[in-house]
Structure formats: C-alpha cells, structure tokens
Amino acid sequence: YGVDIQPIAVQISKLRFFISLLVDQNENSKLENRGIRALPNLETKFVAANTLLKLRKPDSSDIRHPKLDTLESEMDSIRKVYFRPKTYKQKMWAQSQYKRLQKEISDLMIESGWGSEAAQKIVEFDLFDQMANAKWFDAEWMLGVKNGFDIVIGNPPYIRADNPEIPDLRKAILASKDY
C-alpha cells in the first residue's frame, strides 16, 4: 500500500511497481499475449491523501448501523474484483458497484449519527480518479486495511530537535550518533 499527499508521487510509485512487475514477467511467444499477464489496477492500493488528518469517526460503536458490516464486506470484494478484472466491462462494473456502495454507506453513516461532514468526505472520495487528493486519510475506508500496517515508512513533518514540548523525541535525537 502507498499513501502520499501529492498525486504525482502516487503516480510515480505506481509506475515503479508496474516496471517491477514487467521485469518479472516471462515472455513466451507461443502463448496468448506472449505470456505477459495483465497488470493490476493499483488504484485500490495507492492513494493521494493527507495522512496527518484522520477521518473523524464517532467514539461509540453503539451507533454503528448493523448493515454497515455487510456493505463494507461487499466493498472489500468489489475492491478485489477491480484490482484484477478479467475484462474492461468487469472493471467498469466494479467501479459502478463501488460508487453505489460508497453512497449507500454514507447514507447509513448519517442515519447512524456519524454526522454529515464525515459522510460527505466518504462520498466525495474517488478511488478511481488518478489525480484526486483527499485532505484526510483513513486506511480502512480508502484501502480496506482494518488493522493498520505492519511497517510504515514515511517522511513526517520536520520537528526541531530542541523543541521543549517534545522531550522524549529531543532526547532520542540528541542521543543518536547521527545527530
């Protein structure tokens, strides 16, 4: 998975993945399409979003509509179909189903007390727009990742080492042999 605030950085990351996938292909002129497998749709794995701003969700799980679990599960299935569609028609079907579910989930969130701001952000997020940039980030909603990531590599905003409001970070930086 990949997230960057700049859409062009996301496109470059996808291009690098495509090149890596192509390099690993084995060409065989006797097979259809020379044995080259179709590349996946990486839109379901890379998004342009601001990871410093989270989607505001309600604190209490008792306001969650019971139908949301079913719809979210269906949305995960649609993401998988879109990632590796067999035909263009299947890809377009997956997009339309995803957008339908997105609207339905947003409506249920409003009905459940989420508030219209979070629901509106969810409806406006377009997973399929190559140059879209969300001003918020939610791994579960955008990428289907429910339990976070095992490893995160990033370049967070720079923090001055002498900032007195962050004493633990300051100590760690000052103790580092690279400082």
Side-chain angles (χ1 to χ4, degrees), residues 1-18 20-21 37-156:
Y1 297 97
V3 183
D4 197 290
I5 197 165
Q6 297 178 5
I8 192 67
V10 172
Q11 294 303 320
I12 290 168
S13 296
K14 289 194 291 189
L15 177 61
R16 291 181 58 99
F17 266 84
F18 283 141
S20 296
L21 290 171
R37 294 181 314 246
L39 295 172
N41 290 308
L42 294 177
E43 290 83 357
T44 60
K45 305 291 183 187
F46 291 85
V47 294
N50 185 346
T51 59
L52 299 177
L53 298 176
K54 305 297 180 206
L55 181 65
R56 290 182 183 248
K57 297 179 181 179
D59 294 331
S60 177
S61 61
D62 57 318
I63 62 172
R64 186 169 170 82
H65 195 285
K67 191 176 177 186
L68 279 174
D69 289 332
T70 304
L71 293 176
E72 287 174 355
S73 177
E74 191 177 336
M75 185 168 265
D76 286 341
S77 297
I78 296 294
R79 255 192 212 98
K80 289 174 185 162
V81 168
Y82 186 80
F83 184 67
R84 282 220 182 262
K86 304 282 188 254
T87 64
Y88 179 77
K89 186 176 178 180
Q90 191 179 36
K91 179 180 175 178
M92 293 297 100
W93 173 86
Q95 273 190 22
S96 68
Q97 291 303 304
Y98 186 93
K99 289 177 181 182
R100 177 191 58 80
L101 287 168
Q102 191 175 18
K103 173 72 172 117
E104 198 171 335
I105 288 171
S106 173
D107 292 345
L108 283 177
M109 288 175 167
I110 291 172
E111 185 181 315
S112 298
W114 270 59
S116 60
E117 183 182 344
Q120 186 65 32
K121 285 180 179 181
I122 283 172
V123 144
E124 288 174 356
F125 174 67
D126 188 353
L127 182 67
F128 310 108
D129 181 353
Q130 299 289 320
M131 295 309 287
N133 179 359
K135 299 193 181 334
W136 54 278
F137 177 69
D138 185 83
E140 183 176 359
W141 177 255
M142 294 176 158
L143 301 170
V145 175
K146 296 187 188 314
N147 298 316
F149 300 101
D150 294 331
I151 297 173
V152 175
I153 299 171
N155 54 344

Mind running side chain to side chain contact (heavy atoms under 4.5 Å, CB included) on Ile5 and Thr51 for me, showing each step along the way? CA-CA 7 Å; Ile5 197 165; Thr51 59; over 6 Å; no
Does a side-chain heavy-atom distance below 4.5 Å link Glu74 with Arg100? yes
For the residue pair Pro7 and Ala132, what are the closest heavy atoms and their distance? CG-O, 3.9 Å
Who are the salt bridge (Lys or Arg N to Asp or Glu O under 4.0 Å) partners of Lys99, not counting sequence neighbours? none
With rounding to the nearest 0.5 Å, note down the distance linking CD in Gln95 to CD in Gln102. 11.0 Å
To the nearest 0.5 angstrom, please state how far the OG atom of Ser96 sits from the CD1 atom of Ile78. 8.0 Å
Quick one: NZ on Lys67 to CG on Leu108, what's the gap to the nearest 0.5 Å? 6.0 Å
Spacing of Ser73 atom OG and Leu68 atom CG [to the nearest 0.5 Å]: 12.0 Å
Just to verify, what does Lys103 make a salt bridge (Lys or Arg N to Asp or Glu O under 4.0 Å) with, not counting sequence neighbours? Asp107
Could you work out, with side chain to side chain contact (heavy atoms under 4.5 Å, CB included) as the rule, every residue matching Thr70, not counting sequence neighbours? none
What do you reckon, is NZ of Lys89 surrounded by more than 12 foreign heavy atoms closer than 6.0 Å? no
Looking only at non-hydrogen atoms, find the nearest pair between Ala119 and Met109 and report the distance. CB-CB, 4.5 Å
Does Phe17, at its CZ atom, have more than 12 non-hydrogen atoms belonging to other residues, nucleotides or ligands within less than 6.0 Å? no
Residue pairs meeting salt bridge (charged side-chain N to carboxylate O under 4.0 Å, His left out), one or both in residues 112-121, sequence neighbours left out, come to Glu117-Lys121
Residues at least two apart in sequence or cross-chain that pass salt bridge (Lys or Arg N to Asp or Glu O under 4.0 Å) with Arg16, listed by chain then number, are none
Sequence-distant partners of Glu124, salt bridge (Lys or Arg N to Asp or Glu O under 4.0 Å), two or more places apart: none
Does the side chain to side chain contact (heavy atoms under 4.5 Å, CB included) test come out yes or no for Val10 and Asn133, once each step is laid out? CA-CA 10 Å; Val10 172; Asn133 179 359; over 6 Å; no
Quick one: side-chain hydrogen bond (donor to acceptor under 3.5 Å, both in side chains) partners of Arg37, sequence neighbours excluded? none
Give the table of side-chain donor-acceptor pairs shorter than 3.5 Å for residues 39-49, with sequence neighbours excluded, one pair per line with atom names and distance.
unit_1: Asn41; atom_1: OD1; unit_2: Lys91; atom_2: NZ; d: 3.4
unit_1: Asn41; atom_1: ND2; unit_2: Tyr82; atom_2: O; d: 2.7
unit_1: Glu43; atom_1: OE2; unit_2: Gln130; atom_2: NE2; d: 2.2

Mind checking side-chain hydrogen bond (donor to acceptor under 3.5 Å, both in side chains) for Lys54 and listing every partner two or more places apart, or none if nothing turns up? none
Across all chains, not counting sequence neighbours, the side chain to side chain contact (heavy atoms under 4.5 Å, CB included) partners of Ala9 are Asp4, Gln6
Using the test side-chain hydrogen bond (donor to acceptor under 3.5 Å, both in side chains), find all partners of Asn147 that sit at least two apart in sequence or belong to another chain. none
Listed pairs under 3.5 Å, donor-acceptor, residues 134-143 side chains, sequence neighbours left out:
unit_1: Asp138; atom_1: OD1; unit_2: Lys57; atom_2: NZ; d: 3.0
unit_1: Asp138; atom_1: OD2; unit_2: Glu140; atom_2: N; d: 3.4
unit_1: Asp138; atom_1: OD2; unit_2: Trp141; atom_2: N; d: 2.7

Measuring from Leu15:CG to Ser20:OG, what's the distance to the nearest 0.5 Å? 9.5 Å
